[in-house]
**Q** 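There's a structure below that I have some questions on.
Protein chains get the first letters and strands the later ones, always in sequence-line order, with residue 1 at the start of each. Not measured: the values here are computed from a predicted model.
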Amino acid sequence: MSSRAWKFKDNISTDEITPGRYVGLRSNIPELAKHTLEDARKEFPSEVKSGDFVVGGKNFGMGSSREHAPLVIKTCGVRAVLAQSFARIFYRNAINIGLPAVICDTTKIDEGDILDLDLTKGVVTNLTKNVEIVFPRMSKTMEAILLEGGLIPYVEKHGDLLLA
Amino acid sequence: MQGKTLAEKIIGWHTGEGRVSTGEVVIVKVDYTFSHDAAGPLLINQIGKLKGGTAGLDKDHTIFFIDHAVPSPTKDLSNDQAIVRNYAMGNGLVLSDAGNGICHQVMAEDYAAPGNLILGTDSHTCTSGGLCAFATGMGATDIAIAMSLRKTWLRVPESLKVEITGHLPRGVFAKDLILKALSLLGTDGATYKSLEFHGSAIDELDVYGRLTLTNMAVEAGAKTGLIQSDERTRQYLRDFSREEQWKEIYPDENASYESEICFNASELEPQVALPNSPDNVKPISEVKDVKVNEVFIGSCTNTRIEDMRTVAQIFKNKEKAKGLKLIVTPSSQKVYLKCVKEGIVEMLMRAGAIVTPAGCGVCFGALGGIPADGDVIFSSSNRNFPGRTGNPKAQTYLGSPATAAATAINGYVSDPREYL
Ligand code: SF4
């Protein structure tokens with residue numbers, strides 16, 4: 001299944017992904033998700049479609065530790081976030097809730113490009129530009145957590161916190 | 001044998017092996033875990049999904065704070081706070097209720113000790129690194145697991161050495177040092193790393209100032225910021241009646257650092273971060289004619305008692321500029337009470353300030369002090385990303401509490417040395 005890319009600039013902060021002014025909605029994720037990334041792209045929450053990709057530049061998700069940031073992106077139906085690099089906490093949070101966060105060369109992706117992602121092969125295919133972007137595998141532990149759909153199912157399955 | 005950095009030492013003490021090296025992925029036991037009203041409900045929900053999730057909770061070392069929006073401005077937030085409060089009380093955990101203070105400040109006052117490993121659902125958890133605790137922020141799910149199992153997994157980070165030589169000149173504070181460091185590192189210059197601060201300016205800095213440096217380590221993307229535990233650390237713990245928790249910790253002399261930055265504190269003037277990023281920093285002499293509508297002196301970055309005394313010294317017999325909004329938030333109730341006793345609160349009120357209860361509100365745009373469209377804010381906090389203060393149509397400058405105070409008096413970004 002291929003879907004469109006929503007391209008964002010470098011250094012998208014968690015304040016832009018889910019602003020602090022909506023802290024009162026944090027127990028209501030579907031409502032909170034209606035404001036996802038609205039400070040960066042006003043039309044994003046109303047126009048994003050299930051299966052779309054969020055594509056960042058460097059240091060995507062910098063700032064706070066709010067897990068609501070990847071959670072609202074996932075709730076919008078986004079299939080994966082691709083970026084040249086991620087802020088540490090955002091990256092860990094995304095994997096922990098089962099949202100693929102892929103470190104790859106996003107300079108080869110423009111706004112509106114149609115993409116396909118093969119996580120196991122480690123390839124993003126840009127169908128619009130007809131290029132393949134190969135990315136290195138994530139760490140074994142993170143890959144194992146993502147495959148289980150997140151950290152809670154991973155720990156439940158193993159009955160403990162183990163390294164893969 | 002290769003020497004160990006502070007991060008390698010502390011993480012090593014928390015594994016079964018006792019020794020670790022940079023790059024290793026390890027399971028560590030955790031001394032303290034904490035959360036707050038902004039992340040707590042999600043975390044509590046995640047613990048609920050674990051079979052027997054609450055059975056493992058360590059009652060004396062699991063702390064819930066109500067600090068992010070106090071007193072609660074809406075029923076939704078009140079409901080969230082009730083979830084957190086009831087959970088903490090129902091499970092016999094430590095509750096730091098509304099008004100007691102910002103989590104990082106209270107951790108540094110009452111809990112964090114040298115050599116601890118601390119996890120919190122807040123990116124500024126690294127603040128306790130000023131007491132030589134390996135402290136790092138994670139999301140709700142990670143902390144749910146850490147609370148329930150009393151352990152987490154992490155990769156032993158590379159260490160980046162920040163060497164600050166010389167001595168702090170008059171009017172230049174810890175906040176100016178970290179802003180200078182951020183201008184050299186950038187907001188992703190230390191991603192995944194441990195920032196280890198060294199040099200004569202650090203040796204001479206008391207823990208109150210050190211906490212300001214480590215607080216903003218995350219603004220460079222770092223996993224944690226760390227500073228040696230020395231006689232000043234001991235003095236600080238004595239101030240809070242817990243000297244027995246002191247132990248001396250230095251990195252080994254032959255420890256290995258991935259890279260190093262260095263600058264001389266003696267050559268610095270007060271620093272200011274311009275909109276919209278904490279690494280967009282200039283010396284104050286290059287920031288001219290910036291008119292300011294609102295000044296916020298608060299947040300976990302500073303507003304400890306030392307900062308409040310400096311602010312009071314600057315405001316002495318002076319008032320804020322006409323039409324400017326001035327909001328001051330002491331970082332904890334302990335600080336607030338000291339400010340009351342020392343007459344600082346009265347002086348601030350006479351200067352035209354609104355003094356709020358200890359908490360986060362204004363810092364991240366949750367309640368109070370929300371700027372109008374087009375407003376320019378000068379803040380002593382740690383972030384000035386777009387929308388951070390509650391209105392994406394406002395702009396935020398960052399600087400020390402002293403620079404903020406001088407700015408409030410003049411109504412435009414001002415050099416505090418004028419008043420010190
Ligand atoms: S004071 Fe600001 S930066 Fe510190 S914990 Fe509160 S919201 Fe976060």
Side-chain angles (χ1 to χ4, degrees), chain A residues 10-29 31 38-40 58-60 62-71 84-98 139-142 145 150-156 159-164, chain B residues 25-27 37-39 41-43 45-46 49-51 68-69 73-77 79-80 83 120-125 136-142 144-146 148-149 151-153 155 187-188 191-192 218-219 221-223 277 363-366 370 383 385-392:
Chain A
D10 290 346
N11 294 316
I12 288 290
S13 76
T14 52
D15 285 312
E16 287 165 288
I17 299 169
T18 183
R21 64 178 179 276
Y22 297 122
V23 65
L25 295 176
R26 285 193 188 174
S27 285
N28 186 346
I29 303 294
E31 269 309 304
E38 71 177 19
D39 285 356
K58 287 189 204 133
N59 200 23
F60 189 91
M62 72 169 174
S64 98
S65 63
R66 60 191 77 149
E67 195 167 295
H68 306 79
L71 205 50
Q84 275 161 269
S85 62
F86 287 94
R88 180 187 75 83
I89 307 177
F90 180 92
Y91 185 71
R92 211 169 148 131
N93 282 345
I95 305 298
N96 280 346
I97 59 153
S139 81
K140 272 195 272 171
T141 300
M142 290 221 134
I145 294 169
L151 185 62
I152 299 278
Y154 177 82
V155 169
E156 284 296 270
D160 196 359
L161 183 66
L162 302 171
L163 295 175
Chain B
V25 177
V26 291
I27 304 264
D37 46 333
L42 185 57
L43 172 143
N45 191 40
Q46 295 294 68
K49 291 181 188 165
L50 287 166
K51 278 191 239 49
H68 264 57
T74 66
K75 69 174 172 26
D76 292 328
L77 279 165
N79 289 336
D80 280 356
I83 293 172
T121 56
D122 195 281
S123 58
H124 292 102
T125 301
T136 189
M138 292 182 180
T141 302
D142 264 319
I145 296 293
S148 181
L149 304 181
K151 57 185 173 184
T152 193
W153 70 273
R155 184 178 167 280
T187 50
D188 62 353
T191 301
Y192 300 107
V218 69
E219 265 58 71
K223 189 178 265 185
S277 187
C363 172
F364 84 123
I370 312 285
R383 289 189 178 141
F385 302 140
R388 174 70 179 177
T389 43
N391 184 345

**Q** Kindly indicate whether the side chain of Lys51(B), heavy atoms from C-beta on, has any atom under 4.5 Å from the side chain of Val155(A).
**A** no
**Q** When only pairs under 4.5 Å are counted, which of Leu151(A), Asp10(A), Leu162(A) shares the most heavy-atom pairs with chain B?
**A** Leu151(A)
**Q** Which one, Asp80(B), Thr191(B), Asp37(B), Leu43(B), leads in non-hydrogen pairs under 4.5 Å with chain A?
**A** Asp80(B)
**Q** Relative to chain A, which segment of Ile27(B) carries a heavy atom at a distance below 4.5 Å: side chain, backbone, both, or neither?
**A** both
**Q** Please walk me through it: do Lys49(B) and Glu156(A) pass side chain to side chain contact (heavy atoms under 4.5 Å, CB included)?
**A** CA-CA 9 Å; Lys49(B) 291 181 188 165; Glu156(A) 284 296 270; over 6 Å; no
**Q** Where on Asn93(A) is there a heavy atom nearer than 4.5 Å to chain B: the side chain, the backbone, both, or neither?
**A** side chain
**Q** Side chains of Ser13(A) and Arg383(B): is there a donor and an acceptor less than 3.5 Å apart?
**A** no
**Q** Provide the closest heavy-atom pair for His68(A) versus Ala39(B) in the form atom of the first, atom of the second, distance.
**A** CE1-CA, 4.4 Å
**Q** Dump the intermediate steps for side chain to side chain donor-acceptor pair (under 3.5 Å) on Thr136(B) and Arg88(A), then the final yes or no.
**A** CA-CA 11 Å; Thr136(B) 189; Arg88(A) 180 187 75 83; 2.6 Å; yes
**Q** Quick check on the interface: out of Ala366(B), Ala140(B), Pro73(B), who has the most heavy-atom pairs with chain A under 4.5 Å?
**A** Ala140(B)
**Q** Less than 4.0 angstrom from a charged side-chain N to a carboxylate O is my criterion; do Lys58(A) and Asp188(B) meet it?
**A** no
**Q** Please classify the contact between Phe90(A) and chain B as side chain, backbone, both or neither, with a heavy-atom cut-off of under 4.5 Å.
**A** neither
**Q** With a 4.5 Å cut-off on heavy-atom pairs, point out which of Ile145(B), Thr152(B), Asn45(B) contacts chain A the most.
**A** Ile145(B)
**Q** Ile83(B), Thr74(B), Leu50(B): which one forms the most heavy-atom pairs within less than 4.5 Å of chain A?
**A** Leu50(B)
**Q** Given that the side chain runs from C-beta out, which part of Val23(A) has a heavy atom under 4.5 Å from chain B: side chain, backbone, both or neither?
**A** both
**Q** If you measure from CZ on Arg92(A) to CZ on Arg155(B), what distance do you get to the nearest 0.5 Å?
**A** 12.0 Å
**Q** Could you tell me which of Ile97(A), Ile29(A), Leu25(A), Asp39(A) has the largest number of non-hydrogen atom pairs under 4.5 Å with chain B?
**A** Asp39(A)
**Q** Non-hydrogen atoms of chain A under 4.5 Å away: do they reach the side chain of Ala69(B), the backbone, both or neither?
**A** neither
**Q** Set out, in order, the CA-CA distance, both residues' side-chain angles and the distance that settles side chain to side chain contact (heavy atoms under 4.5 Å, CB included) for Ile145(A) and Trp153(B), then state yes or no.
**A** CA-CA 12 Å; Ile145(A) 294 169; Trp153(B) 70 273; 3.9 Å; yes
**Q** Which atoms of Ile12(A) are under 4.5 Å from chain B, going by heavy atoms: the side chain, the backbone, both sets, or neither?
**A** neither
**Q** Please report the closest heavy-atom contact between Gly139(B) and Glu67(A), naming both atoms and the distance.
**A** C-OE1, 3.3 Å
**Q** What residue in Thr187(B), Ile370(B), Asn79(B), Val25(B) has the most heavy-atom pairs under 4.5 Å with chain A?
**A** Thr187(B)
**Q** I'd like to verify something: which residue of Asn28(A), Asn11(A), Ile152(A) has the highest number of heavy-atom pairs under 4.5 Å with chain B?
**A** Ile152(A)
**Q** Out of curiosity, Gln46(B) CD to Asn96(A) CG, how far, rounded to the nearest 0.5 Å?
**A** 9.0 Å
**Q** Between CZ of Arg388(B) and CZ of Arg21(A), what distance do you get to the nearest 0.5 Å?
**A** 12.5 Å
**Q** So for Thr14(A), is it side chain, backbone, both, or neither that comes closer than 4.5 Å to the heavy atoms of chain B?
**A** neither
**Q** Decide whether Asp122(B) and Ser65(A) meet the rule of one side-chain donor and one side-chain acceptor closer than 3.5 Å.
**A** no
**Q** Mind checking what makes ring pair (Phe, Tyr, Trp, His ring centres under 6.0 Å) contact with Phe385(B), not counting sequence neighbours?
**A** none
**Q** Distance from Tyr91(A) atom OH to Tyr192(B) atom OH, nearest 0.5 Å?
**A** 6.0 Å
**Q** Under 4.5 Å from any heavy atom of chain B, what part of Leu161(A) do you find: side chain, backbone, both or neither?
**A** both
**Q** Not counting sequence neighbours, which residues clear side-chain contact (heavy atoms from CB on, under 4.5 Å) with Thr389(B)? List them please.
**A** Pro371(B), Ile377(B), Thr396(B)
